[in-house]
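Accompanying notes for the structure given below.
Lettering of chains follows the sequences in order, A, B, ..., and the numbering in each one begins at 1.
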Amino acid sequence: MGDIVVLVKASLNPELVRQAPDGSVDVRAIPLKISDIDRNAVEEAVKLKQKLGGKLVAISILTWGPVQARMKDLRLAVQEALAKGVDEAYVVADDSITPGDQVTTASAVKAVIERAGLKPDLILAGEATIDETTSQVPGRLARLLGYSYVSFARKLDVVDGKVIAERDLEDYIEVVEAPLPAVVSVTQEINEPRPPTLLQIRRAARKPIRQLKAGDLEGVTPPKRKILEMRVLQVKRKQVIIEGASLEEVADKLIDLLIQEGVLKL
Amino acid sequence: MAGVKALLVAYDPKDFPELAEWASEAGVQPVYLAVHEAAAKAGDYAAKLGARVYVAETSNPGSIAWAVEEVARREQAALVAGEAYRNLRDALSRVAAALEAPMATDATKAEVEGDSVIVERGFLSERAVARIQLPLPAVILFLTRFRRPSGEPSLGQGEILRLEPPEPREKRVEVREKPKGGVNLEEAEIIVGVGRGFKSKEDLKLAFELAELLGGQVGCTRPIAADLKWLSEDHWIGISGKRVSPKLYIAIGISGSPQHMSGVQGAKVIVAVNKDKAAPIFKQADYGVVADLYQFLPVLIKKLKERMGKA
Ligand SMILES: Cc1cc2nc3c(=O)[nH]c(=O)nc-3n(C[C@H](O)[C@H](O)[C@H](O)COP(=O)(O)OP(=O)(O)OC[C@H]3O[C@@H](n4cnc5c(N)ncnc54)[C@H](O)[C@@H]3O)c2cc1C
Ligand SMILES: Nc1ncnc2c1ncn2[C@@H]1O[C@H](COP(=O)(O)O)[C@@H](O)[C@H]1O
C-alpha cells in the first residue's frame with residue numbers, strides 16, 4: 001500500500017461569528033478551527049493506516065489570511081491530526097492566495113502531493129466544511145489527479161486494491177467499488193472521532209509540519225471567486241428564560257405566552 | 001441578443017420547471033441534460049421546454065460528470081447549473097475541475113452580469129449570507145426547491161438527444177432504499193424537535209405525545225436520524241436536512257448548533273427545553289425552559305391536557 005493523504009481545513013468557526021459595525025461579517029475576528037468532519041476523515045485514515053500500512057500525511061491549505069494572524073490556529077488544527085496518528089503534515093500558507101477558493105485549494109493540494117513526491121493510493125476528506133459547506137474540493141482533486149472518486153461514504157474499506165464504500169444519498173444507500181488510487185469523502189456518521197490523549201498530543205509535538213508558500217509549488221491556480229459582500233444574519237429572538245417556583249408554574253406561563261403569540265390554540 | 005448559453009442539469013423531474021423559470025428570468029439560453037429520475041420524464045418536458053434536452057439514463061456521478069462535460073463541450077455552454085443533490089455535488093465538482101471553473105453550491109439566487117455570474121448563498125453554516133462573483137465559465141448548484149415555479153413551462157416543442165456514457169471507474173454493486181416515516185415537515189404548523197438530550201428511542205414517545213396533543217409533527221437533529229437512526233431521515237432538520245417554517249418550533253434536548261438552527265430560521269416562535277442553562281440554543285430561542293426534559297415534558301403534557309379539558 002502506498003501513502004494515505006488526509007485533507008484538513010482550518011475553517012472559520014461558525015459558532016464564533018463576529019459582526020462589524022456595518023452588519024458585515026468581520027472575517028478577521030473569527031478564529032479558525034479544524035472543520036468538524038475532517039476529524040472523522042482523520043479518524044478513518046488512522047484506522048486504514050493501521051490496517052494497510054504506509055505513511056499517513058495531512059495536507060492543509062490556508063484559506064483565510066492574513067498568514068501572520070492565522071498560523072497559530074492553522075498549527076492547532078494540524079497538530080490535532082498529528083496527535084491522532086498522522087505521521088507528518090504539509091501546510092500551505094501564503095497571503096497571495098488568501099482568501100482562497102476551492103479552485104485554489106484543489107490545485108494547491110495536487111501541487112503539494114507532487115512537490116513532496118507523495119504517491120497516495122488513497123486521499124480522504126470530509127463531506128463538507130463548516131464555513132463554506134461546498135462539498136467540492138475532494139471531487140475537484142480526484143478529477144485533477146485522474147483518481148476514482150467516492151463521495152459521502154458512511155462506511156469504508158480497502159480490499160484487494162479496491163475501495164468498497166457505502167455512499168449515503170438522499171433516498172438510498174449504495175455500495176460502490178472503485179479501483180485505487182481514489183479520493184473518498186466521508187460523512188459525519190462514518191465513525192465517532194475520539195479526542196487525542198495528552199500523551200498523543202505531547203508526542204505529536206515532535207512530528208514534522210512542513211510549511212510551504214505558493215512560490216514553492218507549481219500549478220497553483222489563484223482564486224477566481226470574489227466575495228462581494230458578507231452579511232451576518234440577524235437572529236431576532238426574544239431570548240426570554242421562563243422561571244417559576246415549580247415546573248407546573250413554568251409550564252403554565254409557557255402555555256400562556258404561546259397563546260398570546262397566537263401560535264397555540266387550546 | 002442571445003444570452004449566455006447555460007447547461008441545466010435536471011436530476012429530479014421537479015427541477016425542470018424551477019430551472020426553466022430561473023433561465024428565463026436570468027436571460028440565459030438554456031439547453032438541458034436529464035439524469036436519474038428526471039431522465040424518465042425528459043420526453044414530457046422536451047415537449048414543453050422549447051430547447052434541446054439531452055438524456056443520460058444514469059444515477060452514477062461518474063457517468064453524470066461525463067455527460068455534463070460532453071454536452072457542455074458540444075453546446076459551448078459557459079454556465080452549468082443544477083440543484084444541490086449529493087450526486088450532483090459529486091458530478092459537478094469533477095466537471096468544475098475539468099473546466100477550471102469556480103463553483104457555487106446551495107445558491108439561493110444567481111444573476112448573469114456581463115461575463116460573470118453573481119450568486120447569493122449561505123456562509124458560516126448559514127449564520128451569514130454572502131454575495132459572490134464567479135467569472136464565466138462557472139458552475140452553480142441551487143438549493144433544492146430554491147423556488148416555487150408559477151406553473152409548468154409552455155415554451156413549445158424541443159428536441160431529445162440520447163447519450164450513452166461509458167462505464168465509470170466507480171461501480172454500484174448494491175442499493176438499499178431508505179425507510180420513510182411519512183412526515184411532511186415543510187407543511188407542519190407546529191414541530192416538536194428532538195435531539196441527543198433524549199437517552200433512548202423509547203423515550204421519544206414523550207415528544208410524540210406532545211406533538212399529537214398540539215396537532216404537530218416531530219422533527220429531529222442529524223444524529224437522531226443519521227447516526228442513531230431512531231427516526232427516519234425525513235425527520236432530519238438543518239443545513240443538510242430539511243428547512244422548515246412552522247409557526248411554533250419546540251426544540252427539546254437540542255444544543256443549538258448552527259447546522260441545525262439554520263433549518264428552523266423560518267419559524268415564527270422558537271421554544272427551547274434544555275437542562276444546561278449555558279446551551280447555545282437559549283440565545284436563539286424566543287422562550288427557554290431550563291429543565292430536565294424527563295421532568296418537564298410530563299408536566300407540560302399534563303397541563304396542556306388539563307387546559308384542553310382532556311385530563
Ligand atoms: C457539515 C455539517 C452538516 C451538519 N448538518 C446538520 C443538520 O442538517 N442538522 C443537524 O441537526 N445537525 C447537523 N450537523 C451536526 C451538528 O453540528 C450537531 O452535531 C448536531 O446538530 C447536534 O445535535 P443535538 O443538538 O441533538 O446534540 P448535542 O449537541 O449533543 O446536544 C444535546 C443537548 O441536550 C441537552 N440535554 C442532555 N440531556 C438532557 C435532558 N435530560 N434534558 C434536557 N436537555 C438535555 C444537552 O445539554 C445538550 O445541549 C452538521 C454538522 C456538520 C459539520
Ligand atoms: N483549505 C483546505 N485545506 C485542506 N483541505 C481542505 C481545504 N478545503 C477543503 N478541504 C477538504 O475538502 C473537504 C470538503 O470541503 P468543501 O469542498 O470546502 O466543503 C473538507 O472537509 C476537507 O477535507
Under-4.0 Å salt bridge between [X] and [Y]:
X         : Y         : result
Arg143(A) : Glu69(B)  : yes
Asp171(A) : Lys178(B) : no
Asp256(A) : Lys303(B) : no
Arg222(B) : Glu189(A) : yes

Is a donor on one side and an acceptor on the other found under 3.5 Å between the side chain of [X] and the backbone of [Y]?
X         : Y         : value
Gln136(A) : Met103(B) : yes
Lys302(B) : Glu248(A) : no
Arg225(A) : Ile132(B) : no
Lys224(A) : Ala138(B) : no
Ser125(B) : Ile130(A) : yes

Heavy-atom contact with chain B under 4.5 Å, split by part of [X]:
X         : result
Ile164(A) : neither
Phe152(A) : side chain
Glu127(A) : side chain
Ile259(A) : side chain
Leu12(A)  : both
Thr134(A) : both

Write out all pairs satisfying salt bridge (Lys or Arg N to Asp or Glu O under 4.0 Å) with one or both partners inside residues 87-98 of chain B, taking only residues at least two apart or from two chains.
Arg167(A)-Asp90(B), Arg89(B)-Asp106(B), Asp90(B)-Arg94(B), Arg94(B)-Glu170(B)
With respect to Asp286(B), which candidate in Lys238(A), Lys236(A), Arg237(A) satisfies the side-chain hydrogen bond (donor to acceptor under 3.5 Å, both in side chains) definition?
Arg237(A)
I need the minimum non-hydrogen distance between Ala96(B) and Arg140(A), along with the two atoms involved.
CB-NH2, 3.3 Å
Contacts of Glu243(A) that satisfy side chain to side chain contact (heavy atoms under 4.5 Å, CB included) - sequence neighbours left out
Ile241(A)
Verdict with supporting geometry, Ile255(A) and Leu300(B), side-chain contact (heavy atoms from CB on, under 4.5 Å):
CA-CA 8 Å; Ile255(A) 294 169; Leu300(B) 181 62; 4.0 Å; yes
Given the options [options], which has more heavy-atom pairs under 4.5 Å with chain A than any of the others?
options                         : result
Ala98(B), Ala291(B), Ser116(B)  : Ala98(B)
Val129(B), Val175(B), Thr105(B) : Val129(B)
Gln295(B), Lys180(B), Arg169(B) : Arg169(B)
Glu120(B), Arg131(B), Lys247(B) : Arg131(B)

Give, for atom CD of Glu177(A) and atom CZ of Arg172(B), the distance between the pair rounded to the nearest 0.5 Å.
13.5 Å
Go through the steps for Asp101(A) and Leu134(B) under the test side-chain contact (heavy atoms from CB on, under 4.5 Å), then give the verdict.
CA-CA 11 Å; Asp101(A) 65 6; Leu134(B) 312 177; over 6 Å; no
Whatever's closer than 4.5 Å to a heavy atom in chain A on Ile270(B) counts as both
Are more than 12 heavy atoms from other residues, nucleotides or ligands located less than 6.0 Å from atom NZ of Lys253(A)?
yes
Greatest number of non-hydrogen atom pairs under 4.5 angstrom with chain B, of Leu266(A), Thr187(A), Leu254(A), Asp252(A), falls to Asp252(A)
Chain B-proximal positions within residues 19-43 of chain A [heavy-atom distance under 4.5 Å]:
Val25(A), Ile30(A)
Residue set satisfying side chain to side chain donor-acceptor pair (under 3.5 Å) with Ser257(B), at least two apart, ordered chain then number -> none
